[in-house]
Amino acid sequence: MSNFFEIGLSSVLTKAISEMGFEETTPIQERTIPLVLEGKDIIGQAQTGTGKTAAFGIPMIERMNPDRESIKALVVTPTRELAIQVAEELNRIGQFKDVRSLPIYGGQDIDRQIRSLRNRPQIIVGTPGRLMDHMRRRTIRLQQVETVVLDEADEMLSMGFVEDIENILKEVPEQRQTLLFSATMPKSILDLAQRFMQNPEYISMKTKEIIVPQIEQCYVEVQEKQKFDVLCRLLDIQSPDLAIVFGRTKRRVDELFEALSKRGYSAEGIHGDLTQARRDMVMRHFKEGLTEILVATDVAARGLDISGVTHVYNFDVPQDPESYVHRIGRTGRAGKGGQAITFVTPREIGHLRLIEQVAKRRITRKPLPTFNDVLVGQQRLTMDKILKAAEDEDILRYKEMAEELLEDNDSITLLSAALKLLTKEPSTAPIVLTEEAPLRSRQPRRFDQQQGFHRNRDNSKYPSRFPKRKF
DNA sequence: AAAAAAC
């Protein structure tokens, strides 16, 4: 691995990279950057989360003439959210070189996009359909494009974009650089490369080189009817910073996020049937941490890089084993740990074994969370907070004693004793733990009648929900 | 069969 500041990049890029907090290159970046700088065509086999966007973005922008005469680079992605994300990252990389990128995708007012194009971005990041639309309208000129990037190419092909991709590739000059990234390398991808690329350099990360983030993978065996309660309990016990819950269908996503909202969780849903404005808003809320739980179809399974996602729950077992790998990859980003829990009904166990083989990881069984687990879990969270407070106030002796007690965390009595030790003014009342205690301790958000939207406890705005409910 | 993607 090498350092970004030793590979001879221009100062404008180095500055941006350092501002983005990058230091060491990832394996794919280390191998891709020099080749792209040389102008070579590349086929890169890499999972998401390997630093792919920077791997092509940094050298592409480095060698780009920043004049505003024409579109210099075109990046094609399978989903709209991915287009937005990639464009944002490229914008950051190019910020001091005055290189701008613009996401172009469907569902957004086309006239507005045409106006944005007048700002003359050097890089366009788009989804195939809308790109084709602009090409036909002649509102995008690709005659000066020097670099084309096909991101998540396998995904685009399996979504039936072969023809669109071909049309786009025919529209750009033959003398150009083509970079193709794909998690898998089926024959269709190699065919495409054969026809549209020139002596491509093949970069494949050996399995051990692929950064497999520390993702703990497990499953719970549940009846369909239990799923919702089990999810709530897990959320209470684990208290994720941010979590993504994947559902099988759009309908299910709607029902699930409504039910979660109803129970007081900060949740929103996203799928392809929502208006693009809403999709954009939901993603923004989630990225900003305004919502803690994103309920999603596989629209959000691939490529999205959102920091702070500590947990992924597969509310439904993904049909496609590939999809499983992508879904769980939404957590454990940037080298941080993450946990993925898959809900499996008894009849789906066999399917899970198949997924296990594809994921090449053992998925361990986790017992269903009991009511007691929830209580203990919440006590532990409280303990963590108190321990932190204790640290600040330097009451080390208390801390030691409490930690000793914590070792035996099966015992709620001990926990409550530890709690008392650490509280400055210990409550004399015992902590009563009965089955009648509410499943959820968090206060539900309140509905602002006048404004017509929900407000969180911190009084921040919260968008209104759909009326239906099933869980 | 579902999901994604153009109007």
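Per chain, numbering begins at 1; letters A, B, ... match sequence-line order.
Taking 4.0 angstrom as the limit, A:Thr79 places none of its side-chain polar atoms (N or O) nearer than this to OP1 or OP2 of B:dA5. Under 4.0 angstrom from either OP1 or OP2 of B:dA4 there lies no side-chain N or O belonging to A:Ser158. Side-chain N/O atoms of A:Arg251 include none lying less than 4.0 angstrom from OP1 or OP2 on B:dA3. Contact annotation: A:Arg80 does not reach the phosphate of B:dA4 (side-chain N/O to OP1 or OP2, under 4.0 Å).
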- Take A:Phe56 and A:Val75 through the test side chain to side chain contact (heavy atoms under 4.5 Å, CB included) and record every step on the way to the result. CA-CA 10 Å; A:Phe56 70 77; A:Val75 183; 4.2 Å; yes
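What separates CG of A:Leu150 from P of B:dA5 is a distance of 17 Å, to the nearest Å. Rounded to whole Å, atom P of B:dA2 lies 14 Å from atom CZ of A:Arg252. In this structure, A:Ile168 atom CD1 and B:dA6 atom C1' are separated by 12 Å, rounded to whole Å. Atom C1' of nucleotide B:dA1 and atom NZ of A:Lys250 are separated by 12 Å, given to the nearest angstrom. As a whole-Å value, the separation of A:Met159 CE from B:dA5 P is 6 Å. Rounded to whole Å, atom P of B:dA2 lies 15 Å from atom CZ of A:Arg327. Rounded to a whole Å, the CD atom of A:Gln276 is 12 Å from the C1' atom of B:dA4. One interatomic measurement links the two molecules: CD of A:Glu155 to C1' of B:dA4, which rounds to 7 Å at whole-angstrom precision.
When each of B:dA2, B:dA4, B:dA6 is scored by its nearest atom to the side-chain atoms of A:Val299, the top-ranked nucleotide is B:dA4. Across B:dA1, B:dA4, B:dA6, the shortest atom-to-atom separation from the side chain of A:Gln319 is found for B:dA1. Of the candidates B:dA6, B:dA5, B:dA2, the closest approach to any side-chain atom of A:Tyr105 belongs to B:dA6.
Minimum interatomic distance between A:Ile349 and A:Tyr219 (heavy atoms only, all atoms of both residues): CD1-CE1, 4.0 Å.
Across all strands, A:Arg137 comes closer than 4.0 Å to no nucleic acid atom at all (heavy-atom distances). At a threshold of 4.0 angstrom between heavy atoms, the contacts of A:Gly107 are confined to the sugar-phosphate backbone, with no base atom among them.
Counting distance only, with no hydrogens placed and no angle test, the side-chain atoms of A:Arg136 and the base atoms of B:dA6 include a donor-acceptor pair under 3.5 Å.
Separating the CZ atom in A:Arg141 from the NE2 atom in A:His134 is a distance of 13.5 Å, to the nearest 0.5 Å.
By the salt bridge (Lys or Arg N to Asp or Glu O under 4.0 Å) test, A:Glu356 pairs with A:Arg353, A:Arg362, sequence neighbours left out. Taking the salt bridge (Lys or Arg N to Asp or Glu O under 4.0 Å) definition, one finds that A:Lys97 meets it with nothing, sequence neighbours left out.
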